[in-house]
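All remarks here apply to the structure that follows.
Remember, predicted model here, so these are calculated numbers, not experimental data. Order of the sequence lines sets the chain letters (A, B, ...), proteins ahead of strands, with each chain counted from 1.
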Amino acid sequence: MLSKNGIPTAEDLKKVMPSEERLARGAVSITECFQNIPCNPCVTSCPQKAITMPDGINDLPRVDHELCNGCGICVSRCPGLAIFIVDKSAGGDTAVVRLPFEFLPLPQAGQYVRGLDRSGAEHGWFKVVRVTSGGAKNKTYTISLEVPKELCMEIRNIGIGGYRDEQ
Amino acid sequence: MKKTEILVIGGGPAGLCAANAASSLGAKVLLCERDGVPGGQLVKQTHKFFGSEKQYAGDRGIQIGQMLLEQTQSDPNIEIYTDTTVLGIYEDGIATAEHDGAHLKIDAERIIVATGAAEKFLPFEGNDLPGVYGAGAVQTLMNVSGVRPAQRVLMVGAGNIGLIVSYQLMQAGVEVAAVIEGAPNIGGYLVHASKIRRLGVPILTQHTVLGAYGDGRVQRARIAQVDSSWQPVPGTEQDIECDAVCLAVGLTPLTELCWQAGCEMAYIRELSGHVPIVNEFLETTCSGIYAAGDVSGIEEASSAMVEGRLAGYSAAASLGHAPEKAAALQRAAQEELLELRSGPAGARILAGIAKVAEKGGRR
Ligand SMILES: Cc1cc2nc3c(=O)[nH]c(=O)nc-3n(C[C@H](O)[C@H](O)[C@H](O)COP(=O)(O)OP(=O)(O)OC[C@H]3O[C@@H](n4cnc5c(N)ncnc54)[C@H](O)[C@@H]3O)c2cc1C
Ligand code: SF4
Ligand code: SF4
């Protein structure tokens, strides 16, 4: 349970999942933020105004998945590192997961990294397709990974270091 | 004798904001900070902060501290004395300090106490072994001095500090064996917990540390499950290999100056210890002495900054500086505090403040 071990449950996640239809149309954000805390950079950073908190700063973030275009700005801005982008629009078996990363060394596009789930367990080696800087001030990078579609709702981190150039 | 209109004691977020706010209304301010660099806790906070835009949310603590400090340093109304520890506040309103290795007397018309907090410690076998640290010391070593404090750490406490310092340890290349917490639930923000859990760090609630062992330094720690009355459950002991035990078991307000000045004090559990009783403008029961930030209840930098502003406006206005402008700014700060405290995390603080009010404060 989230409040005992830090791992969100399937039930928690169900509340923030975009529809399969929306996921198939392209990149969209998923806010894995389940506690009423005084925080709202997700709301103020989104250029599309896709994230709102009708009940004020302690509200949970609510994403209008129709307004969200998956740009990823909120991912590097969120202090909880709780926002991820998933894109299932490509044909075939692979999806792209974009996640926040604040460690050194930084992997490079084209390298292979270990994909970890919400408990830190490893699920194999996956290819980095893009590394984006959050800016000189923000300093949070986002890493886009190619993963099998069935793992796109599992992989939420990468193992630090030991990156490979070949799978 | 050094003369000033307003003396601010402590250069953390509360003190810096108090100085900036008082000066913005035209008051002359002296800020004394016992460290070499003002910034308080912010100097060590490399993670991004919560809150709203008004409190610079999404920026890293260290950046917020630098920004506040630059504002203070460039303000001709504000003088900053670093390496200056205020030692006492006396009945005639004179404060004494150690400054440049000498004794300094400060004659201030108003005083804002913004001394922050001190870390709590935990009694257990071997807690005097080298390698048993407070979380604050670990952060200072890593983030201020650039020294790696250990190879593998057991973190005690899953409040925000324990969770955040665990994350920072991992960023510094230190392994975190586990984060243990006596309470049945994680006390810190769950997004911070998820962040270290997905790096593979186990978080064990209802666990305590029984002892730290080793030959002249920590080489292992023994932990065990606890029952609902925090008693270790026999048979659940396990040994964790580690070369450091880091304690993040809470902070308590650093109130010596308030006690010594004769402010009325009350023990308020929700505010994490004894706090000065203050009114809605953060004035203590000693006329002209204000308290803002963690010293009046352990909370957050976001609220410390707003409290600092409120105390700064109030002290300046009471000296006749722009009272009408001040009234509007005071109200805005009070509303900002209410908004920050409107959620479950703030409910505890509000409950504490209600108790302060019962004891004669009016905030
Ligand atoms: C690990 C950690 C993570 C945190 N993360 C967050 C976060 O993400 N978001 C958030 O909002 N808050 C966070 N906080 C809390 C936040 O840092 C504090 O609530 C805030 O710094 C309190 O501000 P303050 O000005 O009251 O006290 P402090 O920052 O403690 O500053 C007090 C200052 O007073 C000085 N001082 C004390 N006594 C004297 C004296 N006698 N004479 C002169 N100077 C004196 C001290 O040296 C210090 O510089 C965190 C705290 C820690 C420890
Ligand atoms: S991904 Fe872009 S559009 Fe979508 S919520 Fe985040 S910032 Fe807004
Ligand atoms: S910025 Fe991140 S942690 Fe803060 S409310 Fe939004 S999703 Fe949650």
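Neither the backbone nor the side chain of B:Pro202 comes within contact range of chain A, judged by heavy atoms closer than 4.5 Å. With a 4.5 Å cut-off on non-hydrogen atoms, A:Cys78 touches chain B through its backbone but not through its side chain. In this structure, the portion of A:Ser76 lying under 4.5 Å from any heavy atom of chain B is its backbone and not its side chain. Only the side chain of A:Gln35 comes within contact range of chain B, with at least one heavy atom under 4.5 Å from a heavy atom of that chain. In this structure, chain B has heavy atoms under 4.5 Å from both the backbone and the side chain of A:Asn36. Neither the backbone nor the side chain of A:Leu104 comes within less than 4.5 Å of any heavy atom in chain B. Proximity to chain B is absent for every atom of A:Glu122, based on heavy atoms less than 4.5 angstrom apart. Interface remark: A:Leu116 contributes side-chain atoms only to the contact with chain B (heavy atom separation under 4.5 Å).
Contact check for B:Ile196 versus B:Val176: no side-chain heavy atoms found under the 4.5 Å cut-off.
Options A:Asn138, A:Asn157, A:Asp59 differ in how many heavy-atom pairs under 4.5 Å they form with chain B, and the most are formed by A:Asn157. Chain A forms more heavy-atom pairs under 4.5 Å with one residue of B:Ala345, B:Ser342, B:Ala193 than with any other, namely B:Ser342. With chain A as partner, the option from B:Glu181, B:Gln63, B:His192 having the largest number of non-hydrogen pairs under 4.5 angstrom is B:Gln63. When each of A:Gly161, A:Gly159, A:Gly6, A:Pro100 is checked for heavy-atom pairs under 4.5 Å with chain B, A:Gly6 comes out on top. Of the listed residues (B:Lys195, B:Gln206, B:His47), the one with the most heavy-atom contacts under 4.5 Å to chain A is B:Lys195. Note on A:Lys139, A:Arg156, A:Lys137: by heavy-atom pairs under 4.5 Å with chain B, the leading option is A:Lys137. Here A:Gly120 is the residue among A:Pro8, A:Gly120, A:Gly56 with the most heavy-atom pairs under 4.5 Å with chain B. Ranked by heavy-atom pairs under 4.5 Å with chain A, the first of B:Arg198, B:Gln171, B:Lys48 is B:Arg198. When the candidates A:Pro41, A:Ser3, A:Gly80 are compared by the number of heavy-atom contacts under 4.5 Å with chain B, A:Ser3 comes out ahead.
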Audit row: A:Thr142, A:Arg98, side chain to side chain donor-acceptor pair (under 3.5 Å) steps and yes/no: CA-CA 6 Å; A:Thr142 59; A:Arg98 184 166 169 192; 3.0 Å; yes

Test A:Glu32 against B:Ser194 for side chain to side chain donor-acceptor pair (under 3.5 Å), laying out the working first. CA-CA 9 Å; A:Glu32 299 192 5; B:Ser194 299; over 6 Å; no

Could you walk me through whether A:Thr94 and A:Lys149 pass the side chain to side chain donor-acceptor pair (under 3.5 Å) check? CA-CA 5 Å; A:Thr94 53; A:Lys149 275 196 175 132; over 6 Å; no

Side chain to side chain donor-acceptor pair (under 3.5 Å) evaluation trace for B:Gln139 with B:Gln45: CA-CA 8 Å; B:Gln139 273 202 311; B:Gln45 307 313 335; 2.9 Å; yes

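For CZ of A:Phe126, the number of neighbouring non-hydrogen atoms (other residues, nucleotides, ligands) closer than 6.0 Å is greater than 12.
Remark: side-chain polar atoms of A:Ser133 are paired, donor with acceptor, to backbone N or O of A:Gly135 under 3.5 angstrom.
A distance of 6.0 Å or more separates the ring centres of A:Phe34 and B:Tyr189.
Under a 4.0 Å N-O distance rule, the pair B:Glu335/B:Arg341 does not qualify as a salt bridge. In summary, B:Arg331 and B:Glu336 do not engage in a salt bridge, as defined by a charged side-chain N under 4.0 Å from a carboxylate O.
A:Thr140 and B:Arg60 form a side-chain donor-acceptor contact under 3.5 Å, judged by distance and modelled atom types alone.
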